[in-house]
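A short write-up of the structure that comes next.
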Amino acid sequence: MPVRQLRLVVTTDDYDAAVRFYRDVLGMAERPSVQPPEGRVIILEAGRATLELAEPATAEYIDQVEVGRRAAGPVRVALEVDDVHGATGSVAAAGGEVLAEPRPTPFRSTNARVNGPAGLQLTLFQMD
């Protein structure tokens with residue numbers, strides 16, 4: 001029974017701000033969804049999804065590389081973008097908190113770290 005899709009479901013108190021950020025600032029395309037009888041939901045396309053599992057020591061190492069200190073909780077979302085500098089600038093212009101500007105990593109990518117709405121810490125990365 002292979003998994004066909006990975007969907008990260010996030011509950012947020014400020015739905016409109018989260019939609020603006022992830023759809024409008026980061027450019028995730030809206031997918032069709034069935035609206036529930038109460039509240040709202042949106043499904044945003046994020047390209048290919050993977051599940052990355054890491055031991056605490058590895059998570060700490062990645063935080064050190066990207067931010068210079070331990071920064072993430074148990075969940076961090078990594079989003080591959082075409083232009084990490086532009087995406088980081090868009091996040092900052094939209095009022096997002098940039099924890100670390102784009103920097104080269106040993107992972108053959110340039111990574112930035114930001115705090116997004118709904119309590120999600122994001123790695124924005126561009127493959128080198």
Side-chain angles (χ1 to χ4, degrees):
M1 166 181 88
V3 173
R4 296 181 48 138
Q5 181 181 156
L6 174 71
R7 185 172 293 175
L8 177 65
V9 180
V10 177
T11 301
T12 177
D13 291 328
D14 194 343
Y15 177 85
D16 293 324
V19 168
R20 274 190 304 278
F21 183 83
Y22 293 103
R23 184 189 62 198
D24 303 338
V25 174
L26 291 180
M28 294 180 173
E30 187 172 348
R31 294 190 56 187
S33 60
V34 176
Q35 291 302 304
E38 294 186 29
R40 297 175 289 168
V41 67
I42 190 170
I43 299 173
L44 300 173
E45 179 68 42
R48 184 184 59 167
T50 60
L51 176 63
E52 181 176 328
L53 304 173
E55 292 185 323
T58 305
E60 185 170 341
Y61 170 73
I62 293 168
D63 279 358
Q64 287 294 331
V65 167
E66 292 182 0
V67 185
R69 62 179 169 78
R70 187 71 175 117
V75 175
R76 174 180 51 85
V77 177
L79 302 172
E80 183 177 3
V81 297
D82 290 332
D83 176 7
V84 70
H85 294 279
T88 305
S90 294
V91 167
E97 180 185 8
V98 176
L99 299 174
E101 293 290 335
R103 61 176 75 175
T105 73
F107 319 123
R108 296 189 311 257
S109 62
T110 301
N111 297 16
R113 186 75 70 91
V114 302
N115 278 330
L120 291 178
Q121 192 168 104
L122 309 172
T123 292
L124 303 176
F125 71 98
Q126 177 181 342
M127 298 306 297
D128 295 337

query: Does atom CG of Asp82 have more than 12 heavy-atom neighbours, drawn from other residues, nucleotides or ligands, at distances under 6.0 Å?
result: no

message: Given 3.5 Å as the limit, does a donor-acceptor pair link the side chain of Glu97 with the main chain of Asn115, or not?
response: no

statement: To the nearest 0.5 Å, atom CZ of Arg69 lies from atom CG of Asp63 at 8.5 Å

task: Starting at OG1 of Thr123, measure out to CD of Glu66 and round the result to the nearest 0.5 Å.
output: 3.5 Å

task: Establish whether Met28 and Phe125 are linked, either directly or via other cluster members, by ILVMFWY side-chain heavy-atom contacts under 4.5 Å.
output: no

message: Please tell me whether Val114 and Leu99 are part of a single hydrophobic cluster in this structure, the criterion being side-chain heavy atoms less than 4.5 Å apart.
response: no

- prompt: Salt bridge or not for Asp16 and Arg40, using N-O below 4.0 Å?
  reply: yes

query: Mind checking whether Val25 and Ile42 sit in one hydrophobic cluster, side chains of I, L, V, M, F, W, Y counted as touching below 4.5 Å?
result: yes

field: Enclosure of Gln5 CD (heavy-atom neighbours >12, cutoff 6.0 Å)
entry: yes

field: Partner residues of Tyr61 under the side chain to side chain contact (heavy atoms under 4.5 Å, CB included) criterion, sequence neighbours left out
entry: Val65, Pro106, Phe107

- prompt: Got a second to check how far Arg113's CZ is from Glu101's CD, nearest 0.5 Å?
  reply: 13.5 Å

task: Check whether any side-chain heavy atom of Leu44 lies under 4.5 Å from a side-chain heavy atom of Glu30, and answer yes or no.
output: yes

query: Roughly how far apart are Asn111 CG and Thr105 OG1, rounded to 0.5 Å?
result: 4.5 Å

query: Quick one: does Tyr22's side chain have a donor or acceptor within less than 3.5 Å of a partner on Pro117's backbone?
result: yes

- request: Could you pull out all residues at least two apart from Val77 that satisfy side chain to side chain contact (heavy atoms under 4.5 Å, CB included)?
  value: Leu8, Leu79, Leu120, Leu122

- request: Measure across Pro102 and Ala112 and return the closest heavy-atom pair with its distance rounded to 0.1 Å.
  value: N-CB, 3.8 Å

message: Closer than 4.0 angstrom, basic N to acidic O: yes or no for Arg31 and Glu45?
response: yes

- request: Please check if Met127 and Val81 belong to a single hydrophobic cluster, counting links between Ile, Leu, Val, Met, Phe, Trp and Tyr side chain heavy atoms closer than 4.5 Å.
  value: no

field: Heavy-atom pair with the smallest gap, counting every atom of Ala59 and Ala54
entry: N-CB, 4.4 Å

query: When you look at Thr110 and Asp128, which way does the side-chain contact (heavy atoms from CB on, under 4.5 Å) test go after all the steps?
result: CA-CA 7 Å; Thr110 301; Asp128 295 337; 3.0 Å; yes

task: Determine the minimum heavy-atom distance between Ile43 and Pro32, stating which atoms define it.
output: CD1-O, 4.1 Å

query: Looking only at heavy atoms, what is the nearest atom pair of Gly73 and Arg70, with distance?
result: O-NH2, 4.4 Å

Cluster check Val19, Phe21: I/L/V/M/F/W/Y, side chain < 4.5 angstrom: yes

- prompt: Is the number of heavy atoms from other residues, nucleotides or ligands under 6.0 Å of Gln35 CD greater than 12?
  reply: yes

message: Could you walk me through whether Leu26 and Val91 satisfy the side-chain contact (heavy atoms from CB on, under 4.5 Å) test, starting with their C-alpha distance in whole Å, then the side-chain angles of each, then the deciding distance to 0.1 Å, before giving a yes or no?
response: CA-CA 8 Å; Leu26 291 180; Val91 167; 3.9 Å; yes

